[in-house]
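In what follows, a single structure is set out as C-alpha cells and then discussed.
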2 protein chains.
Amino acid sequence: MKLSLSPAQTGIGYDKNCPMRDVLDCIGDRWSLLVLAYLSAGTLRFTELKRAIGDISQRMLSQTLRSLERDGYLSRHAYPTVPPKVEYTLTALGTSLLERVEPLLLWANENHAKVLKAREAYVPPPAAAPL
Amino acid sequence: MKLSLSPAQTGIGYDKNCPMRDVLDCIGDRWSLLVLAYLSAGTLRFTELKRAIGDISQRMLSQTLRSLERDGYLSRHAYPTVPPKVEYTLTALGTSLLERVEPLLLWANENHAKVLKAREAYVPPPAAAPL
DNA sequence: CTGTATCCAGCAGGATACTG
DNA sequence: CAGTATCCTGCTGGATACAG
C-alpha cells in the first residue's frame, strides 16, 4: 500500500520553506490544538478558556492565543468596557484546519489501544541485534 | 459550523489518559512524522533514512525510530551480517496513521499562503486594546 | 553500518508578581 | 478581567566520542 505523501512528491522536509513543517510546528505545540478544539464549540472569553482547559497557565494561554490569532486561525474581539471583555472565535481558516485534524483525532481514539498494546509487548533490541 | 470534536464530546484534554494527546505527543515531535513519511515510499535502512532526511542527527534518528517501533508504527528487521544491516518498514498501524495525516499535510500545503498572509497583516493588540 | 553514552546549549513553559 | 514581565527549571535535541 503506497501513500502519496512521500517527501519527493510532497516536498516535506525540515526546511523553513516547507509549508507543512511550518504549519505543523505552529499547531503541534502543547496547547494550540487544544485551544482550537475548545473554540470549535463557539466563542469563548479568555477566562472561560482558561477555566475550561484547566491546567494551562495564563502565560501560555495568552501566548498561544496570540500565535493562533497571528496565523489567522482565530479572531480576537475586545470590548472597551470596565472590566475588559475579550472574545475569541475561530475563523474560517481555523475551522477548516480543525476539520482536517478531526479524522486524526478520531483515529487516535480508535487506535490508542493498539498503541498501548504495542508498547506493552515491546522489547528493545539488544544494541546491534545478535543472532 | 459546528465540529464534532468539542472536548466535551471527544474527551480531548491534557490528561495522560487522553488517547489523542498521547498519540499526538508521540508523533508531534520534531522528527516522527518526517520519518514515517519517508518510509511511506517503502523499506529503508538506517543510513538511507539519515541521508534522505539530511539534517537529522544520528542520535535523534535512532531515538525516533525506537519510539516509533515501540508504539507499533514501524517494524525493525536486523540482519546478522558484517557490517550490520537494519531495515525499517511501516506497519499496518503506521500506514493507517499516515493516511489520516495526509489530508492535514495537503491542507497545510494548500493553505500555507493564507497563513503567511495573515502573519504579514497581523498587528499585535496594544495590551488591553484601547477604543 | 548501526547504533549508544555523554555533555551541553537553547527554549518551551510553569510560578509568581504586577498593570490597565 | 485580561493580560505582560521576570525568573527559573526541565526537556529537546545537537555535537561528539565510542562500541559491536
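So that the names make sense, note that chain A is the first sequence line, chain B the second, and so on, each numbered from 1.
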Quiz item: Rounded to the nearest 0.5 Å, how far apart are OG1 of T64(A) and CD1 of I56(A)?
Solution: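 Nearest 0.5 Å value for the OG1-CD1 distance: 4.5 Å.
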Closest listed nucleotide, where the reference is the side chain of [X] and the choices are [options]:
| X | options | answer |
| --- | --- | --- |
| S62(B) | dG20(D), dT4(C), dA2(D) | dT4(C) |
| R45(A) | dG3(D), dC1(D), dT4(C) | dC1(D) |
| V86(B) | dG20(D), dG3(D), dG3(C) | dG3(C) |
| W31(B) | dG14(D), dG14(C), dT2(C) | dG14(D) |
| D29(B) | dG13(D), dA2(D), dG3(C) | dG13(D) |

Rounded to whole Å, please give me the gap between [atom1] in [X] and [atom2] in [N].
| X | N | atom1 | atom2 | value |
| --- | --- | --- | --- | --- |
| I56(B) | dG3(C) | CD1 | P | 13 Å |
| D25(B) | dA12(C) | CG | P | 16 Å |
| M60(A) | dA2(D) | CE | C1' | 17 Å |
| D55(B) | dG13(D) | CG | P | 12 Å |

Quiz item: When we call it a touch if two heavy atoms are under 4.0 Å apart, what does Q58(B) touch: a base, just sugar-phosphate, or nothing?
Solution: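 Base contact.
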Quiz item: Looking only at N and O atoms, is any donor in the side chain of R59(B) or the base of dG14(D) less than 3.5 Å from an acceptor on the other one?
Solution: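 By the distance-only test, yes, there is a pair.
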Below 4.0 Å: OP1/OP2 of [N] and any side-chain N or O of [X]:
| X | N | result |
| --- | --- | --- |
| S57(B) | dG13(D) | no |
| T47(B) | dC1(C) | yes |
| Y88(A) | dG3(D) | yes |
| R76(B) | dT2(C) | no |

Quiz item: Do the side chains of L68(A) and Y88(A) get nearer than 4.5 Å, heavy atoms only?
Solution: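 Contact flag for Y88(A)/L68(A) side chains = no.
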Exercise. Give the minimum heavy-atom separation between I53(A) and V35(A), together with the two atoms involved.
Key: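 The answer is CD1-CG2, 3.8 Å.
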Quiz item: Above 12 or not: heavy atoms from other molecules or residues under 6.0 Å from NZ of K114(B)?
Solution: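 No.
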